[in-house]
Amino acid sequence: MATPDGMLVEVPFDGDFSLGDTLKSGQIFHWEAITFGGIDGYAGCIGDGPPAFVTQDASGVVRTLAPDAGRVGRYFGLDHSSASVRAAFPANDPVLAEAIAFCSGIRVARQPLWECLATFITSSLKQVAHIRAMSLTLRSRFGERHEFAGHHFHAYPTPEALAAAGEAALRECGLGYRAKSLHLAALAVSTGAIDLAAVEAEPSLARAREQLLALHGVGDKIANCALLFGAGHWDAFPIDVWIERILRDLYRKRVKGAKLQAWAEKHFGPHAGYAQQYLFHFARKTL
DNA sequence: AGTCAGGCAACGC
DNA sequence: GCGTTGCCTGAC
């Protein structure tokens, strides 16, 4: 199946963007590297929609198949400029400046909240490769199936599908003790015990986080990840072991827990979560 | 074989 | 409050 270049349309953006770094930055786990019509790129489902194919050439130009330019741009956060993101960062922060220089092309993507929350519930005490494996297994067993370029792709399973599957079937996807949390979350969403649309519409970070914390298996870290990557809360600052290392070793912070969280949110400001993404990638590659 | 990994909840003090 | 412990699994 040949892919004439004419089928590809450009996805415009302002500032820096690295598709590869963004897909490897620990926020999206299910995209696959494929070759389509002789062009190397990545493909994956965007929310409940069909898979999209995205490619970035050596000069940085991003292309996708018509008519996907709009939804691809929104998904990868290409509809805001990287300069506007950084304008809200602290002025005198050499560590952050170095992290940005190291991986300036990372964007915070916009995933659907349920998919994002569920994926991070399964992420507890797991490495990226494991999180990816669990996501792909859950998708292939319980998610809607699509075909593209001779490959199969699966949307993330709906809360209803995971609630109906039962905890034991989720455990068989390699989730271990996380199966209980994921199943309870699927039940809570599908029965309306928690309203994710309301969480998404809640402008207050603290109030949105409070709603997510009511779920079993969701603590500060996972709640902040879900809000940052799945609800546009750029003020959410997830602290995992890598960020804790950076704050301790490079920022010389000696406090932990809620105190550290409060310091970080104040220091990094309204786009703290975006700063966290640069720092996280920087820490993982260099510490 | 043992350790460890991008947490959380339940418990003890 | 604050520190400990158990929890499933796969990779080294």
Side-chain angles (χ1 to χ4, degrees), chain A residues 21-31 99 102-103 106 108-109 111 115-141 162 165-188 193-194 209-230 233 236-251 253-264 268 272-287:
Chain A
D21 280 354
T22 297
L23 287 175
K24 276 181 285 195
S25 69
Q27 49 176 321
I28 303 172
F29 301 94
H30 64 286
W31 283 60
F102 179 78
C103 53
I106 288 183
V108 169
Q111 302 175 64
E115 168 179 339
C116 186
L117 172 66
T119 301
F120 278 97
I121 285 175
T122 66
S123 76
S124 156
L125 216 52
K126 281 287 180 193
Q127 296 179 330
V128 169
H130 300 152
I131 302 167
R132 172 179 169 82
M134 289 183 286
S135 170
L136 293 178
T137 304
L138 287 166
R139 286 167 181 273
S140 69
R141 293 195 186 173
L162 292 186
E167 182 183 330
L170 300 186
R171 197 167 268 263
E172 284 168 17
C173 298
L175 269 65
Y177 64 85
R178 302 160 194 82
K180 178 181 179 184
S181 304
L182 182 59
H183 186 236
L184 287 174
L187 282 172
I194 183 169
R209 195 160 48 200
E210 195 177 338
Q211 295 183 58
L212 292 181
L213 288 175
L215 293 169
H216 184 273
V218 177
D220 279 328
K221 196 273 181 182
I222 290 173
N224 282 321
C225 283
L227 290 171
L228 174 59
F229 305 129
H233 258 290
F237 189 90
I239 298 181
D240 53 36
V241 299
W242 290 101
I243 292 296
E244 200 172 292
R245 260 168 227 168
I246 277 232
L247 296 181
R248 187 189 62 218
D249 298 345
L250 273 47
Y251 286 87
K253 301 310 291 181
R254 286 286 174 268
V255 294
K256 292 187 144 195
K259 288 191 181 114
L260 187 61
Q261 184 80 52
W263 176 84
F268 293 106
Y274 230 111
Q276 182 270 0
Q277 242 355 59
Y278 295 122
L279 292 169
F280 173 70
H281 196 74
F282 178 61
R284 276 183 71 208
K285 300 292 179 186
T286 62
L287 286 189

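Sequence lines set the chain letters: A, B, ... in the order given, protein chains first and strands last, and positions in each chain run from 1.
- Within 4.0 Å of Ile222(A), counting heavy atoms only, lie sugar-phosphate atoms of the nucleic acid but no base atom.
- One distance of note links NE2 of His30(A) with CE of Met134(A); it measures 15.0 Å at 0.5 Å rounding.
- One atom, CG of Leu170(A), and another, C1' of dC8(C), lie 14 Å apart when rounded to the nearest Å.
- Residue Ile239(A) is out of contact with every strand shown, counting any heavy-atom pair closer than 4.0 Å.
- Distance check: Ser123(A) OG to Lys221(A) NZ gives 4.5 Å after rounding to the nearest 0.5 Å.
- The CD1 atom of Ile121(A) sits 21 Å away from the P atom of dC7(C) (whole-angstrom rounding).
- Arg178(A) contributes no side-chain N or O that forms a donor-acceptor pair with the base of dG7(B) under 3.5 Å.
- Using a 30° and 60° split on the angle between ring planes, Phe229(A) and Phe120(A) fall in the parallel class, below 30°.
- Of the possible polar contacts, none joining the Gln261(A) side chain to the Ile239(A) backbone as a donor-acceptor pair under 3.5 Å is found.
- When the C1' atom of dC8(B) is taken as reference, atom OH of Tyr177(A) falls 7 Å away, rounded to whole Å.
- A side-chain N or O of Arg139(A) and one of Ser135(A) form a donor-acceptor pair less than 3.5 Å apart.
- Using the six-membered ring where Trp is involved, Phe237(A) and Phe268(A) have ring planes that are parallel, under 30° apart on the 30 and 60° scheme.
- One can place CD of Glu244(A) at 11 Å from C1' of dG6(B), the figure rounded to the nearest angstrom.
- Atom P of dC8(C) sits at a distance of 23 Å from the matching atom of dA1(B), rounded to the whole Å.
- Under 4.0 angstrom from either OP1 or OP2 of dG6(B) there lies no side-chain N or O belonging to Arg284(A).
- Among the atoms of the strands shown, only primed sugar atoms or phosphate atoms (P, OP1, OP2) are found under 4.0 Å from some heavy atom of Gly217(A).
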Original post:
Pairs counted as Watson-Crick or G-U wobble with both distances under 3.5 Å: what dot-bracket string results for DNA chain B, using | for bases tied to another strand?
Top reply: .||||.|||||||
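- Backbone-only engagement by Val218(A) is indicated by non-hydrogen atom pairs under 4.0 Å involving sugar-phosphate atoms exclusively.
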